[in-house]
Amino acid sequence: MSQSDRELASTFVPADIEAPLYEKWMKAGYFTADAKSEKPPYTIVIPPPNVTGVLHIGHALDHTLQDALIRMKRMKGFEALWLPGMDHAGIATQNVVEKQLAGQGKSRHDLGREEFVKKVWQWKAESGGAILGQMKRLGDSVDWSREAFTMDENLSKAVLTIFKKLYDADLIYRAERIINWCPRCLTALSDIEVEHQDIDGEFVQITYGDPGETQISIATTRPETMLGDGAVAVNPDDPRYKDLVGKQVKLPYVNRMIPIIADELVDPEFGTGAVKVTAAHDPNDFEMAMRHNVPMVVIMNEHGVMSGTNTQFDGMDRFEARKAVVEQLRKDGRIGWEKRPYSHSVGHCQRCATIVEPRLSLQWFVKVAPLAKAAADAVRDGRVKIEPKEMEPRYFEWVDNMHDWCISRQLWWGHRIPVWYGPQGEVLVVGADEKAPDGYSQDPDVLDTWFSSALWPFSTLGWPADSDDLKKFYPTSVLVTGYDILFFWVARMMLFGLFAMDGKQPFHTIALHGLVRDQFGKKMSKSRGNTIDPIEFMDKYGTDALRFTLARGANPGKDQALAEDWVGGSRNFATKLWNATRFAMMNGATIDGELPSTASLNGIDKWILSRLSETISEVDSLLESYEFARACDRIYHFAWDDLCDWYLELSKESFASGDAKNSQRVLGYVLDQLLRLMHPFMPFITEQLWTTLTGGESLVIAQWPVANPDHLDQSSHKIIANIQEVITEVRRFRNDQGIKTSAKIPGRFVAPAEFAPYESAMRFVLKLEASDFTPSANLQIGSVKAEFDLTGTIDVAAERARLTKDLATAKKDLETANVKLNNQGFMAKAPAEVVVEIKERLAKTSADIERITSQLNSLPAQ
RNA sequence: GGGUGCUUAGCUCAGUGGUAGAGCGUCUCGUUUACACCGAGAAUGUCGGGGGUUCGAAACCCUCAGCGCCCA
């Protein structure tokens with residue numbers, strides 16, 4: 001099909017092109033990577049969204065950046081694999097299905113474990129993974145043939161394999177520890193699944209011991225837990241309590257005698273300087289209890305209801321009990337002061353916001369110290385780079401101080417812990433392809449979801465098998481994700497990746513981006529009502545506009561604000577590009593054959609080729625260093641300012657003349673290259689424009705542009721800069737004089753010979769007619785004089801105002817330059833080229849001042 | 001308490017030693033044969049305060065103030 005048969009619609013309607021183009025790409029199999037390929041690999045694994053999730057604006061950003069990288073690398077000739085998939089999201093998914101059951105008045109226990117898990121799978125089949133379809137709308141060039149799910153057979157096998165490997169290396173153990181317990185989800189949580197928030201609580205002073213016996217006053221924010229106290233602790237250096245240490249004091253209501261112990265952990269400044277030690281319900285207390293052999297008394301059941309204290313408080317919810325205990329204490333005259341509200345930090349369940357109960361219980365843990373050390377070293381010695389580098393301290397802060405990781409969850413949805421207990425209390429880890437002996441029963445708990453997602457970079461590639469994919473695509477190239485899951489996920493992949501793959505890091509680079517916030521920079525949340533639905537914006541402005549806006553805001557590691565107006569602005573940009581391409585095609589832009597030799601080109605053509613070359617190398621290197629915002633900025637200004645506002649305007653005259661073969665070829669070339677350069681960010685519109693312009697098969701598999709150093713041409717930059725200055729000044733003059741943009745006026749230039757080739761183009765742009773006239777006004781811009789016939793008078797006041805302003809600016813510049821040149825220190829120490837520059841500036845401003853002054857003097861008096 | 005970042009035009013943000021920038025918004029003018037989702041022009045900043053280093057600081061150092069995030 002020849003170019004004349006291909007046409008662009010007169011307006012750009014994103015909805016008309018997006019879905020068909022994505023279909024085309026899928027059918028062509030462009031996104032499917034080949035493990036047998038000779039090309040160098042480039043791999044990104046997607047941060048797996050929750051199976052319960054829908055696409056939010058954060059995904060849109062994350063995916064836009066990954067897709068930009070993958071598309072660029074694919075165009076560069078890499079075997080690019082972007083591997084998609086989802087996470088089974090233990091608690092979140094179980095909650096969804098339990099809620100459904102609750103709607104029918106049932107609980108998971110009514111179904112039983114097996115039936116319930118079946119139900120979850122059924123839910124997944126019917127309503128899980130809504131996000132996958134939405135990824136297609138975003139244009140994600142992921143390899144759907146490799147889509148993975150953390151509960152897939154092979155990924156589950158990877159879980160069993162690593163569990164056994166860790167266990168055999170003594171890196172997994174079972175112990176009774178204080179863990180974070182969610183009384184609503186009824187499961188243990190790891191530290192990072194707990195969110196700390198300040199709440200208005202209370203702080204009360206309570207006296208233990210009866211009058212006449214040993215007495216001591218403690219202060220606490222959790223009075224109800226006094227029933228489980230095993231000791232009272234004071235600082236060993238606190239003189240107030242010196243005599244009491246070692247004595248016993250009677251705990252009210254439970255009437256147990258508990259020791260008063262001394263421990264460094266106690267802050268004498270805090271409260272009364274004496275604290276209660278409730279070993280089974282507080283991590284710090286647990287530590288002290290271990291040191292002093294204090295008994296650990298559990299006083300609540302798994303629902304957070306008081307139990308086993310043998311007091312009147314048994315059966316009360318923990319918060320109810322808090323009130324009741326305080327009331328009773330008050331009645332008994334045991335309360336000193338009470339501070340209420342007392343703001344302090346309290347842990348909440350990340351999934352359901354319930355206040356977490358620290359609780360002594362038997363759980364499985366990963367011993368992280370050696371793993372974390374390896375993970376830290378890999379970054380310290382540069383095997384893994386974190387971009388931007390400023391994020392490294394955060395990473396080290398975490399991996400250097402990581403606590404052992406509680407991995408057991410009292411849930412049904414997830415990978416069941418592969419530990420079997422024998423009739424004599426034997427403990428056996430049953431790996432992949434192994435079977436537990438008869439009479440053994442499996443641990444009922446499942447593993448933390450992050451346990452399986454920590455394996456993602458290699459379990460998705462076929463590990464533990466030594467698969468072709470693993471050989472070709474591991475280690476992955478870059479991990480692109482928000483800094484908010486650096487600890488949840490990224491650090492854990494480092495831990496497990498290095499361990500499982502014998503020290504081979506899971507990725508070469510970790511590229512972190514920020515969060516998307518609302519237009520005022522405020523965090524988005526449902527309660528604030530300021531969330532943005534990416535689908536809505538795609539419907540309204542097109543996917544390319546949304547992607548470009550997000551990429552343009554993506555400074556490494558920094559949050560970005562997003563406003564609807566800005567997406568509209570990107571849509572305008574897309575339309576601009578559409579129209580520029582239409583214009584180019586109408587004017588016979590060609591893509592066939594060699595570019596004409598540089599020597600045969602006019603300065604305008606040389607200039608745009610030079611600018612293109614600069615832009616290509618800048619965008620390329622910015623993209624390679626994850627500077628998405630700056631890359632987009634370069635593209636935007638090249639396309640809109642250089643190409644549309646200047647090149648096309650300055651070339652219109654020659655296109656109209658019908659004799660513009662060279663320029664037609666140059667324009668075709670520039671657009672062809674620009675569309676390639678933009679494709680990673682705006683895949684749909686560029687594909688549509690490029691295939692229409694060039695007749696090529698697809699930009700997805702087209703070659704990435706390479707800057708041509710032969711096109712760099714400084715002299716054309718100089719002349720075009722001068723021309724731009726002349727045009728801008730004349731426009732300003734016309735504007736100040738109230739001459740309509742469309743009005744043609746007689747005008748000409750008196751200029752050095754180097755401007756001669758451009759004079760007609762300049763006159764065309766400025767609507768100046770060449771004719772014989774006696775100038776009634778003129779402007780001097782550098783070495784160029786513009787003369788006009790304004791048929792009589794000019795607006796003297798306007799002209800005086802304009803010149804006066806110019807004069808002020810010039811005088812100020814002159815002053816600045818003079819100050820510098822009169823400064824001996826500057827003359828002595830500043831680099832020569834800076835001195836020359838200032839001297840040139842001085843000369844120019846002096847000339848300007850002289851010229852403007854004389855022009856002002858020659859204006860008729862008012 | 002530990003870590004970390006920010007404070008630049010009305011808003012959101014770039015800008016790591018040499019005359020302050022962008023997008024959006026604002027004002028004026030304009031339908032000129034790609035585009036009004038457009039074009040042309042304009043206005044707007046003692047770069048948080050104070051001190052220091054330097055010939056020269058928005059940038060480097062110190063300090064104060066305010067805001068934010070992560071962790072405990």
Side-chain angles (χ1 to χ4, degrees), chain A residues 8 10-12 191-192 195-196 267 283-284 345 347 390-398 400-403 483-484 486-487 514-515 517-523 541-542 545 549 552-553 555 557-587 627 629-630 632-633 636-637 644-645 648-649 652 655-656 727-736 738-744 764-767 805 809 812-817 819-831 833-835 837-838 841 845:
Chain A
L8 284 174
S10 60
T11 47
F12 170 45
D191 289 350
I192 52 173
E195 282 174 2
H196 290 266
D267 175 8
N284 289 329
S345 177
E390 299 93 88
M391 285 287 171
E392 278 186 3
R394 282 191 190 219
Y395 174 81
F396 291 131
E397 167 80 2
W398 174 258
D400 293 345
N401 303 301
M402 197 172 174
H403 294 166
Y483 61 75
D484 55 327
L486 185 60
F487 311 133
L515 277 33
R517 316 184 80 107
D518 78 1
Q519 59 179 313
F520 303 112
K522 294 268 178 275
K523 203 168 177 174
Y541 302 103
T549 309
R552 197 179 184 191
N555 287 113
K558 291 210 170 174
D559 290 353
Q560 66 168 301
L562 180 67
E564 179 161 0
D565 278 352
W566 309 343
V567 184
S570 296
R571 185 270 318 265
N572 297 352
F573 178 50
T575 306
K576 186 78 181 174
L577 196 72
W578 184 273
N579 285 313
T581 308
R582 270 179 65 223
F583 175 79
M585 291 181 69
M586 280 188 254
N587 283 280
E627 295 266 15
R630 295 168 80 175
C632 288
D633 194 63
Y636 182 91
H637 285 111
C644 292
D645 286 350
L648 291 182
E649 292 304 324
K652 270 181 181 171
F655 285 133
I727 289 175
T728 304
E729 283 303 308
V730 174
R731 279 172 175 165
R732 190 158 79 99
F733 172 78
R734 288 180 56 128
N735 220 287
D736 291 345
I739 301 163
K740 286 187 179 181
T741 322
S742 56
K744 292 184 175 163
F764 183 86
V765 168
L766 289 168
K767 299 270 183 298
K805 193 181 147 209
T809 308
K812 207 176 135 202
D813 288 351
L814 181 79
E815 173 67 13
T816 317
V819 166
K820 291 208 168 194
L821 294 172
N822 291 333
N823 180 332
Q824 291 188 348
F826 176 78
M827 295 306 284
K829 296 194 175 174
E833 62 269 23
V834 175
V835 176
E837 196 193 314
I838 306 286
R841 203 184 299 157
T845 47

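Reminder, nothing fancy here: chain letters follow the sequence lines and each chain counts from 1.
Regarding A:E649, its CD atom lies at a distance of 11 Å from the C1' atom of B:A40, rounded to whole Å. If you measure from atom CZ of A:R394 to atom P of B:G2, you get 17 Å, rounded to the nearest angstrom. Distance, A:I739 CD1 to B:U28 P: 20 Å, rounded to whole Å. In this structure, A:Y395 atom OH and B:G3 atom P are separated by 20 Å, rounded to whole Å. The CZ-P distance, from A:R571 to B:C38, rounds to 8 Å in whole Å. One can place NZ of A:K767 at 14 Å from P of B:G39, the figure rounded to the nearest angstrom. B:G56 atom P lies 15 Å from atom CE of A:M827, rounded to whole Å. The separation between A:D400 atom CG and B:C71 atom P is 16 Å, rounded to whole Å.
Using a 4.0 Å heavy-atom distance criterion, A:Q824 is classed as making no nucleic acid contact. A:A580 comes within contact range of at least one nucleobase, with a heavy-atom separation under 4.0 Å. Among the heavy atoms of the strands, none lies under 4.0 Å from A:F573. Residue A:T728 is classed as a sugar-phosphate contact, given heavy-atom separations below 4.0 Å to backbone atoms only. Within the nucleic acid shown, A:T816 has no heavy atom closer than 4.0 Å to any nucleic acid atom. The residue A:K744 sits apart from the nucleic acid: no heavy atom pair falls under 4.0 Å.
Of all heavy-atom pairs spanning A:E649 and A:F764, the tightest one is O-CD2, 4.4 Å. The minimum heavy-atom distance between A:T549 and A:L562, with the atom names listed, is CG2-CD1, 3.5 Å.
When distances are taken from the side chain of A:Y483 to each of B:A40, B:G18, B:C69, the shortest belongs to B:C69. Considering only the side chain of A:R731, B:G41 comes nearest among B:G18, B:G15, B:G41.
When both pairing distances are held under 3.5 Å, B:G17 makes no Watson-Crick or G-U pair with any nucleotide shown. Figure legend. B:G68 is base-paired to B:U4; pairs are counted as Watson-Crick or G-U wobble with both atom distances under 3.5 Å.
The base of B:C35 is paired with the side chain of A:K576 by a donor and an acceptor separated by under 3.5 Å. You won't find any donor-acceptor pair under 3.5 Å spanning the side chain of A:E627 and the base of B:A14, going by distance alone.
For the pair A:K652 and A:F583, the cation-pi criterion (under 6.0 Å, within 45° of the ring axis) is fulfilled.
Dashed line: the shortest gap from a side-chain N or O of A:K820 to OP1 or OP2 of B:U19 is not under 4.0 Å.
The pair A:E729-A:R732 counts as a salt bridge, with a side-chain nitrogen and a carboxylate oxygen less than 4.0 angstrom apart. Electrostatic pairing of A:K812 and A:E815 does not count as a salt bridge here, judged by no charged N lying under 4.0 Å from a carboxylate O.
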